[in-house]
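The block underneath contains the structure these notes are about, expressed in structure tokens.
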Amino acid sequence: MSGSRFYITAAIDYANGAPHIGHAIEKIGIDAMARYRRLCGQAVHFVLGMDEHGLKVQQSAEAAGISPQQWVDEIATRFEAAWRRLAIGFDDFIRTTQPRHERAVAEMVRRMAAAGDFYRGSYEGYYCVGCEAFKREDELVRNERDELRCPVHPGREVTWTHEENWFFRLSSYQDRLLRLFDEQPDFLQPEGRANEIRRVIEGGLEDISVSRARLPWGIPWPGDPEHTVYVWIDALTNYLAAAGFPDGDHERLWPADYHVIGKDITRFHCVYWPAMLMSAGLPLPRHVWAHGFINFGGAKLSKSEGVRFELEELIERHGPEALRYYLLREIPWNGDGEWSLERFDERYVSELANNLGNLANRTISMIERYRGGVVPGRRQEIKDQQIAAAVLRYRGVMDANLLHQGIAAAMELASYANGFVEARAPWAQAKDPARAAELDDPLAALARVVATLATLLQPFMPVKMAELGAQLSLPDPVPLDALTGLDLAGRPGARGPVLFPRPEQEKKPTK
RNA sequence: GGCUGGGUAGCUCAGCUGGUGAGAGCGCACGACUCAUAAUCGUGAGGUCGAGGGUUCAAGUCCCUCCCCAGCUACCA
């Protein structure tokens, strides 16, 4: 494992609005996965980006009175700024309007064509003349006269229209896809999702249309400039493009170790995408991880609610890292979870301020007070078993990408340490000259716990944990393997600003 | 309609192939302590485990029916 490459991707976000909490939790989770792998010594390459073609982008740009390119440039800037604000440590930011991506898409189309997997077919559907585009029925509304209309152009007629375009022989990949799920049961995780997709495949696959004739904001179809590449081949190919495809050195990164996506798009990543790659003769990603969603008041967080929770407001509430912590603590990474401001506040105070922050503070304070700000050496391996057990548990669940359980394992160690302080009562030992010498052991043990916590929680709160480590003169970050024999004796220990200050009492949830 | 996952203490949730008197964290109450961010530690608080029926010596834990909630139901990314 150690030293090996680890290519992990986020789903690229559609450039049609501002980044919100739903976008954020995905990037935060992937960042935690990436940082954990780095702590394990792997050479991580983490890519995220934007999906910038398509009708909606074109329309949004028109509505704003700017060109599509200007529009996506602005959106991309906002997303990237949000990710930096949240300390997302991505290595690359790919955009589907970049030349490197267009090149990759063109090559994908050429390869799939060479495989004989495209044919001219007829796509039909509702067509809005105003939009000059096909619409799904659920995108349309009915007017007073019960006529179907596009919400953007209620005055224009919507007609059932045929269009000749390119089709991909997805149906011919059914057997190969089933074999994929047979031979690689962990291709799609968590497990339950794989069963869902398997049933979809077993139910039979239809060919999909992969080009559009009248949608100008897209990548031209190689050899048929009347068409643009439709979303599937365009968007999904970003993972290859970011690896450098079609240049030879893309094999340095590809295949990806993990595509992390929302559970709603597993079909595209676990049916369309593998089939496309098979067609193009390329290796498949090793794993796809489908995370869940945020619920609010028992229901999926809708877009309007997502916007209601203005990302910047949430960040300012307790700081960016507290938001990272709360989201990954509360929402299981392998499922859905309930979100609320009240819980955010509760967890911030009880877990970050009281349990973790106070433990760090009291520990280093005692080192300052009783040992002149120098971590003492230990005479025996006090508490090493508990630390080792916590690290082991942590690694076990983190290897399985159960981020919420990783946090839980760390916080249990913090709780344990707080109990340990009470049990040893260092202040009593300090007052008793006969016992003062014994003080080294608990103080050294506590320092090791704090150092361990700074590492275990680093994937979740990289900046705060670096600050914490610095209070014990530790490098940032301490790799997991270095934790075992870590000797802190002689290191200066000095308190810094309170890591997670308690909010003022009057700060009530703005529900 | 079909499919999937749920309905367990005020809140968020654990409870694998059925079996010690039903759990954790938070919140709450009381007590202890003082190194610390009025933090921490201990104790307690008694929830018909959605409803009804069934299988079994024994069922949140299996079967049936019903009620309720959420999500999905393929060219929207």
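Note on naming: letters A, B, ... go to the chains in the order of the sequence lines (proteins, then strands), and numbering restarts at 1 for each one. What's counted below: heavy atoms across the whole structure, side chains too, no hydrogens, waters or symmetry copies. As the structure is a prediction and not an experimental result, all values here were calculated from the model.
- Between A/Tyr173 and A/Phe168, the gap from one ring centroid to the other is short of 6.0 Å.
- Look at CD on A/Gln174: it is 14 Å from C1' on B/rA74, rounded to the nearest Å.
- Counting non-hydrogen atoms under 4.0 angstrom, A/Asp207 reaches a base of the nucleic acid.
- Rounding to the nearest 0.5 angstrom, the gap separating the CD1 atom in A/Ile219 from the CD atom in A/Glu102 is 4.5 Å.
- In the model, A/Trp289 has no side-chain atom that pairs as donor or acceptor with a side-chain atom of A/Asn401 under 3.5 Å.
- Closest to the side chain of A/Glu338, out of B/rA39, B/rC13, B/rA74, is B/rC13.
- Remark: A/Asp234 does not engage A/Arg212 in a salt bridge, criterion side-chain N to carboxylate O under 4.0 Å.
- Straight-line distance from the CG atom of A/Leu170 to the C1' atom of B/rA74: 9 Å, rounded to whole Å.
- By the 6.0 Å and 45° rule, A/Arg324 does not stack over the aromatic ring of A/Phe460.
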| query | What string of B, S and - do you get for nucleotides 29-36 of chain B 5' to 3' if you count protein non-hydrogen atoms under 4.0 Å? | reply | ----SSBB

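- Counting any heavy atom pair closer than 4.0 Å across all strands shown, A/Val231 reaches sugar-phosphate atoms only and no base atom.
- Checked against B/rU37, B/rC75, B/rU4, the side chain of A/Tyr123 finds its nearest nucleotide in B/rC75.
- Atom P of B/rU17 sits at a distance of 25 Å from the matching atom of B/rG53, rounded to the whole Å.
- Summary of the strand contacts: A/Ala353 and A/Tyr14 both lie near RNA chain B, and taking for each the nucleotide with the nearest heavy atom, the more 5' one is attributed to A/Ala353.
- As a whole-Å value, the separation of A/Asn355 CG from B/rG27 P is 11 Å.
- As rounded to whole Å, 13 Å separates atom C1' of B/rC13 from atom CD of A/Glu351.
- Distance A/Leu327 CG to B/rU12 P: 17 Å, rounded to the nearest Å.
- By the neighbour-count criterion of 12 heavy atoms within 6.0 Å, atom CD of A/Glu226 is sparsely surrounded, having that number or fewer from other residues, nucleotides or ligands.
- Taking atom CZ of A/Arg267 as the reference point, atom C1' of B/rC75 lies 11 Å away to the nearest angstrom.
- Ion pairing between A/Asp13 and A/Lys27 holds under the 4.0 Å rule for side-chain N and carboxylate O.
- Applying the 3.5 Å distance criterion, the base of B/rC26 shares no donor-acceptor pair with the side chain of A/Ser350.
- Ion pairing of A/Arg362 with A/Glu422 is present here, as a side-chain N (NZ or NE/NH1/NH2) and a carboxylate O approach within less than 4.0 Å.
- Nucleic acid contact for A/Phe500: base, since at least one base atom lies under 4.0 Å from a heavy atom of the residue.
- In summary, the aromatic rings of A/Tyr370 and A/Trp427 are positioned with their centroids too far apart to meet the 6.0 Å limit.
- For A/Ile208, the side-chain atoms get nearest to B/rC75 when compared with the rest of B/rC13, B/rG25, B/rC75.
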| task | For RNA chain B, produce a single dot-bracket line, 5' to 3'. Pairs: Watson-Crick or G-U wobble, both distances under 3.5 Å. Symbols: ( ) within strand, [ ] crossing, | other strand, . unpaired. | result | (((((((..((((.....[...)))).(((((.......))))).....(((((..]....))))))))))))....

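- Nearest heavy-atom pair, A/Leu170 versus A/Glu206, reported as atom, atom and distance to 0.1 Å: CD2-O, 3.4 Å.
- Across B/rC66 and B/rG1, the matching P atoms stand 11 Å from one another, rounded to whole Å.
- Ionic pairing of A/Glu196 and A/Arg193 is present here: one or more N-O contacts between side-chain nitrogen and carboxylate oxygen are shorter than 4.0 angstrom.
- Rounded to whole Å, the separation between the C1' atoms of B/rG42 and B/rG6 comes to 36 Å.
- We find that CG of A/Leu352 is positioned 12 Å from P of B/rU40, with the value rounded to whole Å.
- Atom C1' of nucleotide B/rA70 and atom CZ of A/Phe293 are separated by 13 Å, given to the nearest angstrom.
- For the pair A/Asn354 and A/Arg199, both in contact range of RNA chain B, the more 5′-proximal nearest nucleotide belongs to A/Arg199.
- Across all strands, A/Gly17 comes closer than 4.0 Å to no nucleic acid atom at all (heavy-atom distances).
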